[in-house]
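Naming: A, B, ... by sequence-line order, numbering from 1 per chain.
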Number of protein chains: 2
Amino acid sequence: MGDGISHSGGVAHEVLAAVLQVRDGSLQVMLWQRAREPHVGRWALPGGGLCPDEDVEASIRWHLAEKVDVRRLSHVEQLAVFSAPDRVPGPRVVATAFLGLVPCDVDPETPEDTAWHPVAALPETAFDHGAIVLRARDRLRAKLSYTNLGFALTPPEFTVSALRELYSAALGYRVSATNLQRVLSRRGLLEPTGRTAPPGPSGGRPAALFRFTGRGLSVTDPFAVLKPPRSTR
Amino acid sequence: MGDGISHSGGVAHEVLAAVLQVRDGSLQVMLWQRAREPHVGRWALPGGGLCPDEDVEASIRWHLAEKVDVRRLSHVEQLAVFSAPDRVPGPRVVATAFLGLVPCDVDPETPEDTAWHPVAALPETAFDHGAIVLRARDRLRAKLSYTNLGFALTPPEFTVSALRELYSAALGYRVSATNLQRVLSRRGLLEPTGRTAPPGPSGGRPAALFRFTGRGLSVTDPFAVLKPPRSTR
DNA sequence: CCAAAAGTGTTACCGCTACACCCATGA
DNA sequence: TCATGGGTGTAGCGGTAACACTTTTGG
């Protein structure tokens with residue numbers, strides 16, 4: 001020690017992503033089934049080794065390009081490092097885990113061994129990948145409340161009803177369309193496109209179409225409490 | 001590719017911590033001054049290489065034991081991975097960065113080359129360590145609002161005035177003692193010890209002493225908005 | 001005219017902020 | 001009794017939840 005940098009050997013470093021999408025009314029994660037030992041038959045997260053000249057985010061985007069067209073990814077963010085010495089058998093591998101999101105209007109073509117699974121009913125997962133998926137779900141749920149992250153789940157245009165389905169699936173409980181619209185509108189996240197969607201087969205008022213005003217992540221509810229005094233703000 | 005684990009070589013992996021403490025009314029960070037190239041004379045975060053048989057958190061705790069008695073650390077949590085290929089000169093080093101907190105009533109003995117610096121006026125820092133410090137500060141500020149993380153800054157017993165100083169220093173703006181006490185009390189985080197502190201030299205009512213009810217991190221304000229319906233809660 | 005779906009108006013409630021007021025001590 | 005610092009009461013405000021009501025379509 002002493003210079004703050006270890007030059008001693010080094011460990012394998014992989015990047016893994018829990019790519020989430022709302023499909024068929026439930027929050028699902030993209031997994032592939034292992035064909036080799038260890039953990040044959042179990043389901044694993046996509047990813048791979050850290051690329052030599054890329055940082056971890058560029059690396060995970062590169063690996064995901066195999067499984068899902070990168071342009072389909074509406075959001076990618078770091079979750080945490082998983083580094084238990086025995087997290088995978090054999091030589092040590094440290095993993096940087098990511099949350100990835102895909103809008104609900106695209107159905108990326110995926111390889112044979114790859115399938116979507118509801119996060120609420122995961123199959124047998126490989127290594128510590130199950131824990132990573134749950135971490136991703138929790139991060140998504142939290143950020144839906146205090147950021148504009150909803151944009152990453154939606155098509156370019158959508159009705160409030162559709163948005164409610166997305167939020168309900170992601171959060172795991174019924175969200176009120178009325179209040180959802182009000183909260184997002186007050187915060188200036190939602191704007192009407194002026195167009196409307198055709199009514200369903202059984203009639204009903206046609207729904208106005210909305211879009212998110214911004215497509216980059218921004219924190220919209222920064223302080224839960226202990227706000228700075230008004231004059232200082 | 002294909003099995004989700006890279007066995008190709010491996011990179012050096014270091015762990016770094018921004019250890020924060022409120023000292024002299026301001027939020028400060030523990031840094032040590034580099035005596036060797038690269039970046040001679042600049043100030044760096046404590047840390048070191050990933051320990052062979054420990055995960056990243058155990059590793060940073062082990063390295064910090066050199067600089068500051070580990071038992072003084074009231075809280076440690078992961079911040080993020082810093083992995084830009086050129087973040088340090090020479091062979092690539094990936095870093096897992098941590099936030100560490102020390103209660104304000106202890107003054108750990110530190111090595112010669114180590115000193116505390118106000119986060120608001122950092123000296124010239126080495127590599128990307130300045131960015132890590134700012135990330136740590138932001139994480140602390142956020143979590144003071146929606147968790148009980150205050151416990152990590154305080155002595156076992158404290159007055160509300162003292163607590164206000166700590167929160168003000170950490171948040172960077174004046175916090176009202178009145179409302180601070182009410183918010184923390186309502187959430188059940190604060191309880192009176194029954195004892196009182198002696199008044200100052202110029203008189204005044206003696207202040208009641210309080211303590212945090214729990215000493216582990218817990219989220220106390222989980223949903224900013226979009227709360228689940230009451231029946232489901 | 002009725003059913004269905006979308007959207008708005010209104011009320012109630014909760015929690016935080018601000019500020020005035022009361023309490024306990026030393027000089 | 002006054003100054004000083006600690007603690008409480010209370011009114012106001014902002015924001016969300018809940019729900020009734022209106023609007024717009026298809027049959």
Closest-nucleotide 5' rank along DNA chain D - winner of A:S176 and A:P206: A:S176
Atom CG of B:D221 and atom P of D:dG15: how far apart are they, to the nearest Å? 15 Å
Mind calculating the distance between OH (A:Y167) and C1' (D:dT16) to the nearest angstrom? 15 Å
Does a salt bridge link A:R139 with A:E77, judged by any charged N lying under 4.0 Å from a carboxylate O? yes
Whole angstroms only, please: what is the CZ-P distance between B:R186 and D:dT8? 14 Å
Assign the ring pair A:F212 / A:F158 to parallel, tilted or perpendicular, where the plane angle (0 to 90°) is split at 30° and 60°. tilted
Applying a 4.0 Å non-hydrogen cut-off, can you work out what B:A208 is touching in the nucleic acid: base, sugar-phosphate, or nothing? sugar-phosphate
State plainly whether the residues B:R87 and A:D55 are in salt-bridge range, i.e. N to O under 4.0 Å. no
Rounded to whole angstrom units, what separation is found between the OH atom of B:Y146 and the P atom of C:dC16? 16 Å
Look at the side chain of A:V183 and decide which nucleotide, out of D:dT4, D:dT16, C:dG7, has an atom nearest to it. D:dT16
Measuring to OP1 and OP2 of C:dA4, would you say a side-chain N or O of A:R205 lies under 4.0 angstrom away? no
Under 4.0 Å from OP1 or OP2 of C:dC16: is there any side-chain N or O of B:R187 that close? yes
Indicate, with a heavy-atom threshold strictly under 4.0 Å, whether A:P198 touches base, sugar-phosphate, or nothing. nothing
Whole-Å distance between C:dT8 C1' and A:L190 CG? 16 Å
In whole Å, what is the span from the CG atom of B:L180 to the C1' atom of D:dT8? 15 Å
For A:R174 and D:dC19, what is the distance between atoms CZ and C1' respectively, to the nearest whole Å? 17 Å
A:L189 CG to D:dG15 C1', in whole Å, measures 15 Å
Can you tell me which nucleotide in D:dT24, C:dA24, D:dA18 comes closest to the side chain of A:N179? D:dA18
So, is A:R182 near the phosphate of D:dT16, with a side-chain N or O under 4.0 Å from OP1 or OP2? no
Would you tell me if any nitrogen or oxygen in the side chain of A:Q181 comes within less than 4.0 Å of OP1 or OP2 on C:dT8? yes
Does D:dT8 have OP1 or OP2 sitting under 4.0 Å from an N or O in the side chain of B:T178? no
Between A:T159 and A:A207 (side chain of the first, backbone of the second, donor and acceptor by atom type, cut-off under 3.5 Å), is there such a pair? no
Phosphate-side-chain proximity, A:S161 and C:dA6, N/O vs OP1/OP2 below 4.0 Å: yes
Does any donor atom in the side chain of A:S26 or A:Q28 lie under 3.5 Å from an acceptor atom in the other side chain? yes
